[in-house]
Structures are given as structure tokens and as C-alpha cells.
Amino acid sequence: MLSAKARARSSRLQRAFVASSQLRPMAQQLAQMRTPAAYAGVLSYARSHTGEAASAAYLALGHAYLLDRKFPDAVSALKHVKGESLGDYADYLTIQAYLQSNDLPQAEMLLSSFLSKHPDSIFVNSVPVLEANLFLQEGDPQRALTILNAHRSEPLAGKVDYQFAMARAQQMAGNQAEAAALFRHVFLNYPLSYESGQAKTALQLMGAETALTVSERSHHADALYHAGRYSEADDEYKSLAGDPKTDGAERNLLLVAAAACDLKLKRLNKAELDALPDTNDESGARRLYLLMELARNKDDGDAQRAIVSQMETRFSTSPWLSEALYSSGNMYLLRKDYATAISYYGELARRFPRSCEPVASAGCSNYAPSSHWRAAWLNYRIGNYSEAARLFDEQIAVYHGGKEIPSALYWRARVYLDQEHRPDMAAEYFRTVARVYRHYYYAALAEQRLQELGNVTPANVTALDQINPAPVPELTDDVPSDDPHVVKAKLLANAGLNEYITPEIQAADGSREWGALAEAEIYASYGETWHAMRLMKRALPFYTSAPIDSIPLGYWRILFPQPYWPEIKEQAQKNGLDPYMVASLIRQETEFNPSAISNKSAYGLMQLLPSVGKSMARQEGIRHFSASELLNPLTNIRLGTLYLKQTLDKFDDQPEYAFAAYNAGDDRVTDWRSAGNFHGMDEFVESIPFTETREYVQAIVRNQQIYHELDKLTSERAFVRPGGTDREMMPARQ
């Protein structure tokens with residue numbers, strides 16, 4: 001129950017939210033683009049409104065000016081924020097503007113009264129670091145230390161901004177050893193943070209960078225590499241390699257690591273690798289692996305085989321051999337040389353039999369589960385069913401919990417049924433797939449096989465009883481709409497302060513049970529369906545194995561939304577398509593983001609290339625077509641459904657072929673089909689050599705099934721619960 005104070009606060013925030021609802025599209029545009037026109041639109045709104053609506057607009061302006069580092073303008077706008085609803089945000093952003101513009105007296109005045117004015121604000125825990133930074137800017141490290149030391153035992157002390165402020169305070173106070181240790185800690189333990197770079201600079205200026213070992217600096221560069229920041233990592237590796245204190249072996253490791261960055265940046269050449277020493281350590285193993293990748297890129301099988309053979313002899317336990325074996329298997333998979341692919345995948349699984357997840361150990365490889373699976377599947381494809389069955393069994397026993405298990409269970413059942421003539425065993429394996437992996441691609445296929453088997457009594461396989469779906473935590477769709485933090489999060493969306501929505505909701509009591517839904521509903525409410533869906537996917541990673549009735553319907557409607565439904569339905573009907581197929585494809589392509597543009601220049605909801613859009617537009621009688629029109633959802637759906645229909649027609653109305661072609665191109669699908677001898681569409685889908693395309697096809701089939709299941713459930717609830725709540729009575733989609 002809310003206290004009287006909380007109810008009053010909630011009511012005040014609700015009035016502010018309602019008053020500023022028309023501001024939201026303008027404020028969101030300003031936060032994202034900050035163009036003169038966007039500023040002018042919000043300013044006009046602010047001047048033409050009063051009260052909370054005007055305050056929200058001025059907060060949006062102040063926030064945008066702060067992002068653009070126009071500090072006087074930010075302060076001026078924020079001074080117009082009146083009332084209590086957004087007062088803490090106005091003061092917090094104003095403090096930031098004053099600090100960044102070095103107007104310290106004004107910042108200190110606001111900081112000194114912040115806690116008393118805004119005791120319920122989410123920024124209360126930020127105040128100590130802000131105050132410390134203020135005193136550091138004023139040249140008073142002792143006051144900064146006093147404040148920071150008072151919070152040493154609190155969770156705040158574990159945050160990077162606190163630790164960096166403490167380092168600066170110690171440095172200014174003359175405690176150089178303590179400062180260097182703290183800067184070193186920030187640099188090493190928060191390698192991807194802004195403060196990490198600042199800490200490195202501080203150590204250099206102090207002459208304390210030498211306290212960092214080559215190994216520590218190398219680990220920092222590794223973190224950048226693994227985060228995909230290849231240019232930064234490359235600079236770090238080369239800088240370290242040029243350091244006089246780096247010995248020969250370390251230098252080789254660093255130069256090879258830099259070469260790996262160049263490979264990622266597509267600028268590595270063989271001469272660079274040939275210039276590096278051919279050593280008998282990990283740098284030598286990685287060098288050979290990189291040479292192998294260059295050979296593969298040139299489709300030079302002779303060089304690739306020779307290099308891998310050399311690695312097997314010289315570096316039999318190196319993780320780079322694992323990389324080389326997996327890449328080689330992929331090379332021959334794409335060549336359709338399945339026997340050679342099997343040999344490489346199988347060799348990897350033999351040499352590195354354990355996965356490094358969840359706990360790394362000697363001789364492990366993160367490629368072990370997928371390599372073992374590919375060896376198993378390719379044996380099935382070439383008709384080595386007994387070996388495939390053995391490997392399927394091994395996959396289930398050794399790599400339990402891996403993403404390959406649903407496939408292994410299904411295809412082991414197929415072998416039991418088709419080759420070993422054990423329908424009872426097949427039934428138990430099919431039943432396990434359907435029970436554990438409720439919304440996976442193979443679940444529906446397993447259900448279909450069970451129906452075909454009829455009254456066969458499944459065998460009792462104890463090991464399969466131990467396989468269970470991921471547990472579903474307690475979730476509720478009963479979001480407390482009157483919680484002050486929830487209402488304030490909605491108000492912040494009206495003002496375009498999206499980065500504060502999450503922490504505001506997390507500050508509410510009980511938000512663990514409903515916070516993801518509350519946040520996602522905010523984004524969905526103003527059309528950012530894709531943002532809402534991504535939030536929900538992260539919050540509910542188990543949803544594909546969860547029964548529909550184990551998760552409240554509100555969550556499913558975020559995960560499987562239906563924006564533009566009238567247009568999708570109309571164009572699907574026009575082209576003879578299931579509208580849920582169209583929605584399922586859009587969900588997989590762009591998550592319903594109408595502004596999406598891929599790195600291959602595919603546009604809009606259904607990701608159409610301009611050339612495809614132009615061809616479809618011509619057929620639809622649209623004149624003077626331009627690629628930008630594909631960002632119009634209605635146009636994109638109109639042209640995209642026509643293109644999907646024509647793709648289906650090319651491939652004999654077989655959806656799986658059409659989906660694969662939509663993702664990878666018609667020519668590739670024609671090539672994959674030419675491998676022939678597929679005993680069903682399920683074999684073709686599992687045989688797609690591109691992981692992205694295979695998972696894409698499976699996901700669309702799965703999406704379509706879930707959409708239909710949700711539609712059925714919604715219709716049932718609409719009839720069964722005529723007196724239910726609005727949440728219970730979501731209308732059936734006609």
C-alpha cells in the first residue's frame with residue numbers, strides 16, 4: 001500500500017504525465033537528433049504551454065543542450081522547470097551543466113540542498129561523487145576525501161566513478177602511491193569505461209604507468225579486442241610491442257595480436273605475418289592460425305591443409321588449433337566436401353572434448369559442442385546412420401544444456417524411427433523435444449511425428465527424464481500504475497529522457513517481478529516496438545521453452561507484437577499470404593523498426609534492397625520511386641509482401657525455401673537444394689550451412705506458430721472472461 005505522501009506524489013506525477021503527453025514525439029525527436037528544427041519545435045511547445053507541460057518541455061531542452069555541451073543554454077532552459085514533479089531532474093542536470101562549465105559556486109549551492117529537497121530521487125546515491133568532484137575542481141581534495149570515505153562501505157564504492165574520484169582525490173592530496181594504485185585498479189578492472197582511458201592518462205602523467213606490467217596492459221588490450229574495439233586494441237598492442245621493457249616472447253605475442261586486429265579490420269596481408277618470427281609458443285600458433293585464415297580467404301585448400309597439419313604436429317593443445325580446425329570444417333562444409341568437413345570437426349571434438357562454458361578448463365574449446373554436432377549431422381547427411389546415432393547420443397550426454405540438444409534429440413528420434421525401427425524410442429525422444437523445447441522449431445515437428453505414430457507407447461528412458469525446460473521465474477503483469485517511480489518513468493519518456501527510464505523503474509519496490517514489462521510498455525506506447533521487444537528478450541531469455549500459460553499474456557504481446565496489423569492483413573490477403581507469416585518475417589528482420597537500414601543497404605520493416613523496391617514499385621504502378629520511400633511502413637509492407645509472394649512462387653510455395661532465399665539470396669538456396677537427396681524439409685533446413693540463415697528460417701517458422709497460438713488464446717479469453725479486466729480481454733486479432 002502506498003503511503004499518503006506517495007499517493008500525493010503519484011497523483012501529481014500523473015497530472016504532469018497527462019498534461020505533457022503531446023510533447024512526447026517532439027521531445028523524443030529532439031533527444032535523438034538535436035537539429036535546429038527539433039529544438040524549435042520543443043521550444044515552441046514550451047512557450048505555448050504552462051505548468052507541468054511547459055516544465056517537461058524545458059527539461060527536454062535542458063537535457064538536449066547539455067548533450068550538445070551548450071551549458072548556459074542548458075541552465076537557462078532548466079530554470080524554467082517548475083514544481084516538484086521534475087525538480088530533481090532539473091537540479092541534477094543543472095549541477096552537471098555547472099560542473100562541466102566550471103561554475104562551481106552555483107553547483108555547490110544546488111548540491112548542498114539536493115538531499116533535503118529531493119530525498120526520494122534516484123540521484124541521491126550520485127550526490128557524494130558529484131560533491132567530491134566539485135571539491136576536486138575547487139582544489140580541495142581533503143573535503144572530497146571526507147565525503148568519499150564516508151561511503152566506503154556502501155555499494156556506491158564499487159562503482160567506477162567513485163573509484164576514479166577517489167584516485168583523483170588521493171593524487172591531489174599528495175598521496176601518490178594510493179592514487180597510482182587506484183588509477184591502476186580502474187584501468188585494469190573497468191577496461192571498457194571512459195574512466196579507464198582517463199586513468200591511463202593519469203598514470204602516464206604521474207610517471208606511474210611503469211607500475212603496469214606488460215601482461216596487465218596486454219589483458220587490457222585483450223578486453224578491447226573481445227569488445228570489438230579492434231582499432232583501439234591494435235594501437236595498444238603495437239604501443240606495448242614498442243616498449244623497451246617488453247621482452248622478445250612478449251613482443252611476438254603482441255605483434256601477432258595486432259595482426260589479428262588487422263584481420264578483423266580486413267587489412268591483414270601475408271607479408272605482415274611472414275615478417276613475424278615463427279616461434280614454438282602461443283604466438284607462433286596464433287601466427288599460423290592467421291596464415292590459415294588468409295589461405296581460406298583465398299580458397300587455397302593446399303595451403304590451408306598444410307598449415308593445419310603443421311599446427312596439429314607443433315601445437316597439439318593450443319586453442320588456436322581449435323580455431324583452425326573449426327574454420328577448416330566450415331570451409332569444407334561450404335564446399336560440400338562433407339567427408340573432409342567431418343574430419344576437421346571430429347578432430348576438434350576429439351582433441352578438445354569439453355566446452356569452456358560455464359567453466360573453462362585445460363583442453364576445452366567453445367567450439368566443442370557445435371563441432372561435435374556438425375560431425376554428427378554430416379554423418380547423418382551422407383548416410384552413416386550408425387555413426388550419426390552414436391554421435392547424437394554422445395551430444396546429448398556430454399553437452400547437455402547446449403543449444404544443439406533439441407536438434408540432437410529430434411534427429412536421434414528420426415534414426416530410431418527410420419533406420420532402427422524402434423517407434424517406442426522415437427516416441428520418447430520426440431516427446432522430450434516437445435515437452436522441454438516448447439516453442440523451438442523442432443517442437444512442432446516432433447508433435448507432428450508423434451501424431452503420425454499414433455498410439456505407440458513411448459519407451460522409458462531415464463536419462464531423458466532429467467532434461468527439463470528452463471525454470472520460469474515468478475512474473476506478474478499487475479504493474480502498479482500508481483507507483484510514483486512508474487509514473488515518473490512515463491513522464492520522463494514524454495520529456496525524451498529515455499536513459500533514466502530504467503533506473504527510475506528499478507527504484508520501485510517489487511520491480512523485479514514486473515519492471516521489464518513496465519519499461520517495455522513505455523517504449524511500446526510511443527511506437528518503439530523494437531526497443532520494447534529487445535528489453536523483453538533480455539529479461540525473458542527462456543521464453544522459447546516456456547508454455548504460453550506460464551508467462552502473462554502482456555509479456556507475450558511485447559515479444560510478439562502486431563503493429564501495422566491492418567496494413568499487414570490487407571497486403572497479405574492481397575498476395576495470398578498468411579498475415580502471421582508476414583509479421584513473423586518482419587519480427588525476425590527488424591523487430592518492427594521501420595527506420596532500420598542494414599549494412600547491406602536494405603531498408604525498412606521488411607529489409608528491401610533499393611533495387612528490389614524499385615522493381616516491386618514498378619509492378620505496383622508507383623511512379624518516381626526512391627529508396628527513402630522504403631522507410632514508410634505502409635509502402636514497405638506493400639512492396640515487401642509482393643516480394644515475399646514472388647519469392648514463394650519461385651520456390652514452389654515452400655516457405656522454408658523462400659525464407660532462406662529472403663535472407664541469403666535465391667542463388668544460394670538453389671545451390672543448397674542441388675545437394676539433393678533431402679528426405680523432408682526438416683533435412684534441408686538443418687543442412688543450411690550458414691548459421692544465421694538456418695536460425696533465421698527456424699525462427700520465422702517458430703514465430704508464426706506462436707502468433708497463431710497467441711491469437712487462439714486471446715480469442716478464448718475474450719469469450720471466457722467477458723467480465724475480466726482490460727489486460728485479460730485483449731481483443732482477438734481478426
Side-chain angles (χ1 to χ4, degrees), residues 441 444-445 448 562 564-590 592 594 596 598 600-623 625 627 629-630 632-690 692-708:
Y441 170 75
L445 295 179
Q448 181 180 336
Q562 293 175 245
Y564 316 111
W565 187 243
E567 294 77 16
I568 289 173
K569 183 183 175 185
E570 177 186 352
Q571 294 303 320
Q573 184 175 16
K574 174 182 172 182
N575 289 285
L577 301 173
D578 178 0
Y580 289 118
M581 175 190 289
V582 178
S584 297
L585 184 142
I586 294 173
R587 182 186 188 274
Q588 205 59 30
E589 284 286 351
T590 60
F592 294 93
S598 77
K600 297 180 181 178
S601 298
Y603 284 67
L605 288 171
M606 298 184 73
Q607 289 291 275
L608 299 177
L609 292 169
S611 58
V612 172
K614 185 175 182 180
S615 174
M616 298 300 105
R618 188 182 304 115
Q619 295 178 46
E620 285 287 284
I622 299 175
R623 303 180 64 184
F625 174 82
E629 292 179 63
L630 293 173
N632 180 321
L634 306 190
T635 301
N636 194 283
I637 292 168
R638 178 181 176 185
L639 303 183
T641 50
L642 176 61
Y643 177 61
L644 177 58
K645 171 59 177 173
Q646 293 182 2
T647 305
L648 276 163
D649 290 343
K650 287 180 191 175
F651 292 100
D652 307 319
D653 254 358
Q654 294 289 336
E656 291 86 350
Y657 290 148
F659 299 153
Y662 204 101
N663 179 262
D666 295 357
D667 292 343
R668 285 199 177 101
V669 174
T670 300
D671 178 51
W672 297 336
R673 290 178 69 185
S674 70
N677 300 319
F678 295 115
H679 301 100
M681 186 59 71
D682 49 2
E683 284 193 16
F684 169 79
V685 172
E686 189 61 57
S687 296
I688 295 173
F690 292 173
E692 175 193 323
T693 303
R694 183 174 60 258
E695 293 180 350
Y696 173 90
V697 172
Q698 292 178 349
I700 294 176
V701 173
R702 174 207 67 199
N703 292 349
Q704 192 172 355
Q705 293 165 349
I706 294 178
Y707 269 120
H708 279 288

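Summarising the geometry of A572 relative to V582, their closest heavy-atom pair is CB-CG2, 4.1 Å, with the distance given to 0.1 Å. Counting all heavy atoms, side chain and backbone alike, F625 lies closest to P610 at CE2-O, 4.1 Å. Summarising the geometry of L605 relative to P633, their closest heavy-atom pair is CD1-CB, 3.7 Å, with the distance given to 0.1 Å. Between A444 and Q705, the closest heavy-atom pair is CB-NE2, 3.0 Å. Here the closest heavy-atom approach between residue M681 and residue Q654 is recorded as CE-OE1, 3.3 Å.
Aromatic ring pairs are classed by plane angle as parallel below 30°, tilted from 30° to 60° and perpendicular above 60°; the pair W672 and F690 is perpendicular.
Looking at Y441 and V697, their side chains never come closer than 4.5 Å, going by heavy atoms from C-beta outward. The shortest distance between side-chain heavy atoms of L648 and L577 falls below 4.5 Å. Within the 4.5 Å cutoff, side-chain heavy atoms of I622 are placed close to those of R638. Looking at heavy atoms from C-beta onward, Y707 lies out of side-chain contact with P579 at the 4.5 angstrom threshold. In this structure the side chain of Q571 never reaches within 4.5 angstrom of the side chain of K645, judged on heavy atoms.
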- Taking it one step at a time, do T647 and Y643 satisfy side chain to side chain contact (heavy atoms under 4.5 Å, CB included)? CA-CA 6 Å; T647 305; Y643 177 61; 3.8 Å; yes

- Query: Are I706 and Y580 close enough, and set up right, to give a side chain to side chain contact (heavy atoms under 4.5 Å, CB included), and what steps lead you there?
  - Reply: CA-CA 9 Å; I706 294 178; Y580 289 118; over 6 Å; no

- Task: Apply side chain to side chain contact (heavy atoms under 4.5 Å, CB included) to the pair L644 and M581, showing each step before the final yes or no.
- Result: CA-CA 10 Å; L644 177 58; M581 175 190 289; 4.2 Å; yes

- Between K574 and T641, is a side chain to side chain contact (heavy atoms under 4.5 Å, CB included) present by the stated rule, with each step listed? CA-CA 9 Å; K574 174 182 172 182; T641 50; over 6 Å; no

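F684 is linked by a ring-ring contact (aromatic ring centres under 6.0 Å, His included) to Y657, F678, counting only residues two or more places apart in sequence or in another chain. Applying the side-chain hydrogen bond (donor to acceptor under 3.5 Å, both in side chains) test to Q704 and every residue at least two apart in sequence or in another chain returns D578.
Separating the CG atom in D671 from the CG atom in D666 is a distance of 12.5 Å, to the nearest 0.5 Å. Interatomic distance, M616 CE to L609 CG, rounded to the nearest 0.5 Å: 11.0 Å. Annotation: the span from N663 atom CG to I688 atom CD1 amounts to 8.5 Å, rounded to 0.5 Å. We find the CG-CD distance between L634 and E567 to be 5.0 Å, quoted to the nearest 0.5 Å. Atom-to-atom distance recorded for L639:CG and M606:CE is 9.5 Å, nearest 0.5 angstrom. The line from OG of S584 to CZ of R587 is 8.0 Å long, rounded to the nearest 0.5 Å.
Heavy atoms from other residues, nucleotides or ligands lying under 6.0 Å from CD of E620 number more than 12. Few gaps surround CZ on R673; more than 12 heavy atoms of other groups in view lie less than 6.0 Å from it. Summarising the local packing, NZ of K614 is surrounded by 12 or fewer heavy atoms from other residues, nucleotides or ligands at distances under 6.0 Å.
Remark: the Y696 side chain and the E589 side chain contain an N/O donor-acceptor pair separated by less than 3.5 Å.
At distances below 3.5 Å, at least one donor-acceptor pair connects side-chain atoms of N636 with backbone N or O atoms of Y603. Not a single donor-acceptor pair under 3.5 Å links the side chain of E656 to the backbone N or O of V701.
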